[in-house]
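First comes the structure, then the notes that go with it.
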Amino acid sequence: MQTRELSVKQQLFIIFLVCFLVGIVAANFLGAESFEKSGTLTRYFLKQFQYTQVNFYEVLWQVCCSRIPVFLFLMFVGLMRGGRWFYLAFAAWSGFAYGYFCVLAIGAFGSGGLLLCIVALFPQFLLYVPVYLGLVILCVQQRRRDVWHSLAVYLVLFLLLCAGMLLESYINPMILQKMLKIF
């Protein structure tokens with residue numbers, strides 16, 4: 001019987017899902033006390049956010065400071081021989097963190113917490129996911145492409161990342177504030 005090797009995208013998806021489940025289990029065993037102490041997902045914090053005037057430039061600055069270094073790191077390690085392992089570690093961490101976040105949100109807000117988890121990622125992750133998958137594809141196929149083509153793809157991916165950061169900074173806070181009025 002011939003076995004079929006999983007593609008890198010399939011491996012990333014499986015690792016994301018497994019670590020998502022590990023994050024769920026970890027959050028259930030560790031509890032929400034540490035997260036609640038930080039004050040980032042309490043009802044009080046979210047009620048304050050609901051009525052606060054968002055400084056979009058400050059949000060954009062914070063988003064850029066968190067997203068651009070990750071993009072550049074993944075881009076440069078993708079050029080290295082073992083870059084695939086960094087992508088697998090990134091998928092594992094992302095899955096774990098999101099699973100942990102989902103449990104805490106559901107614990108704090110019940111079924112509305114699930115909606116909060118989805119809205120927190122929308123609409124920017126409609127662009128972030130293709131950007132990170134594009135980096136993976138470039139890493140896997142880097143030997144088969146010429147330099148100019150790769151540079152053009154990196155530029156397009158960076159522009160998509162910038163568009164995602166703009167969505168995360170300007171559109172997502174407005175969506176979150178409107179959604180919080182439902183709670």
Side-chain angles (χ1 to χ4, degrees), residues 1-30 35 60 62-106 111 113-172 175-176:
M1 178 182 229
Q2 186 180 21
T3 59
R4 190 179 138 236
E5 186 177 322
L6 296 174
S7 73
V8 175
K9 287 190 276 187
Q10 291 169 327
Q11 292 173 15
L12 289 171
F13 184 69
I14 290 168
I15 286 176
F16 178 87
L17 287 181
V18 167
C19 291
F20 178 78
L21 293 174
V22 170
I24 289 171
V25 170
N28 281 307
F29 280 114
L30 298 176
F35 205 69
L60 180 62
Q62 293 298 320
V63 168
C64 287
C65 288
S66 66
R67 302 284 184 228
I68 291 174
V70 171
F71 176 85
L72 292 174
F73 176 77
L74 290 173
M75 183 179 84
F76 287 120
V77 298
L79 297 172
M80 297 169 30
R81 231 170 168 36
R84 170 184 276 176
W85 296 106
F86 286 99
Y87 290 121
L88 295 174
F90 179 72
W93 170 249
S94 298
F96 178 84
Y98 193 60
Y100 201 90
F101 172 73
C102 286
V103 168
L104 296 179
I106 292 168
S111 59
L114 188 56
L115 181 61
L116 178 65
C117 291
I118 294 167
V119 171
L121 298 179
F122 184 79
Q124 66 272 15
F125 271 76
L126 295 174
L127 295 176
Y128 290 160
V129 170
V131 166
Y132 293 127
L133 286 177
L135 287 172
V136 170
I137 291 167
L138 277 175
C139 172
V140 171
Q141 299 177 347
Q142 72 182 354
R143 306 287 186 253
R144 295 182 222 154
R145 303 205 185 246
D146 68 344
V147 174
W148 293 110
H149 180 268
S150 294
L151 285 174
V153 173
Y154 282 127
L155 178 62
V156 168
L157 292 175
F158 185 74
L159 292 174
L160 285 173
L161 178 78
C162 290
M165 291 186 301
L166 289 171
L167 290 172
E168 184 174 5
S169 302
Y170 292 99
I171 305 300
N172 183 262
I175 292 172
L176 278 172

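None of the values given here were measured: they were computed from a predicted structure. We number each residue from 1, following the sequence as shown.
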Do [X] and [Y] have side chains that get closer than 4.5 Å, going by heavy atoms?
X      : Y      : value
Trp93  : Cys19  : no
Tyr154 : Leu135 : yes
Phe71  : Met75  : yes

What is the distance from atom [atom1] of [X] to atom [atom2] of [Y], rounded to the nearest 0.5 Å?
X      : Y      : atom1 : atom2 : result
Leu176 : Ile171 : CG    : CD1   : 12.0 Å
Leu21  : Phe16  : CG    : CZ    : 10.0 Å
Leu79  : Leu74  : CG    : CG    : 11.0 Å
Cys117 : Leu104 : SG    : CG    : 9.0 Å
Leu116 : Leu121 : CG    : CG    : 9.5 Å
Phe29  : Ile24  : CZ    : CD1   : 12.5 Å

Does Phe13, at its CZ atom, have more than 12 non-hydrogen atoms belonging to other residues, nucleotides or ligands within less than 6.0 Å?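 Counting other residues, nucleotides and ligands, CZ of Phe13 stays at 12 neighbours or fewer.
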
Which pair of heavy atoms, one from [X] and one from [Y], lies closest together, and at what distance?
X      : Y      : result
Val119 : Asn172 : O-ND2, 2.9 Å
Ala26  : Phe96  : CB-CE1, 3.7 Å
Pro69  : Cys64  : CD-O, 3.5 Å
Ile175 : Pro123 : CD1-CD, 4.0 Å

Does any N or O in the side chain of Ser66 come within less than 3.5 Å of the main-chain N or O of Val63, such that one atom is a donor and the other an acceptor?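 Yes, because the side chain of Ser66 sits within donor-acceptor range (under 3.5 Å) of the backbone of Val63.
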
Got a list of side-chain donor-acceptor pairs under 3.5 Å for residues 124-133, not counting sequence neighbours?
| residue | atom | partner | partner atom | Å |
| --- | --- | --- | --- | --- |
| Gln124 | NE2 | Ala120 | O | 2.9 |
| Tyr128 | OH | Gly164 | O | 3.3 |
| Tyr128 | OH | Met165 | N | 3.3 |
| Tyr128 | OH | Glu168 | OE1 | 2.6 |

Go through the steps for Val153 and Ile137 under the test side-chain contact (heavy atoms from CB on, under 4.5 Å), then give the verdict. CA-CA 10 Å; Val153 173; Ile137 291 167; over 6 Å; no

State yes or no: are the ring centers of Phe86 and Phe73 separated by less than 6.0 Å?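 Yes, ring centres under 6.0 Å apart.
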
Who are the ring-ring contact (aromatic ring centres under 6.0 Å, His included) partners of Tyr170, not counting sequence neighbours?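 Result, ring-ring contact (aromatic ring centres under 6.0 Å, His included) vs Tyr170: Phe56.
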
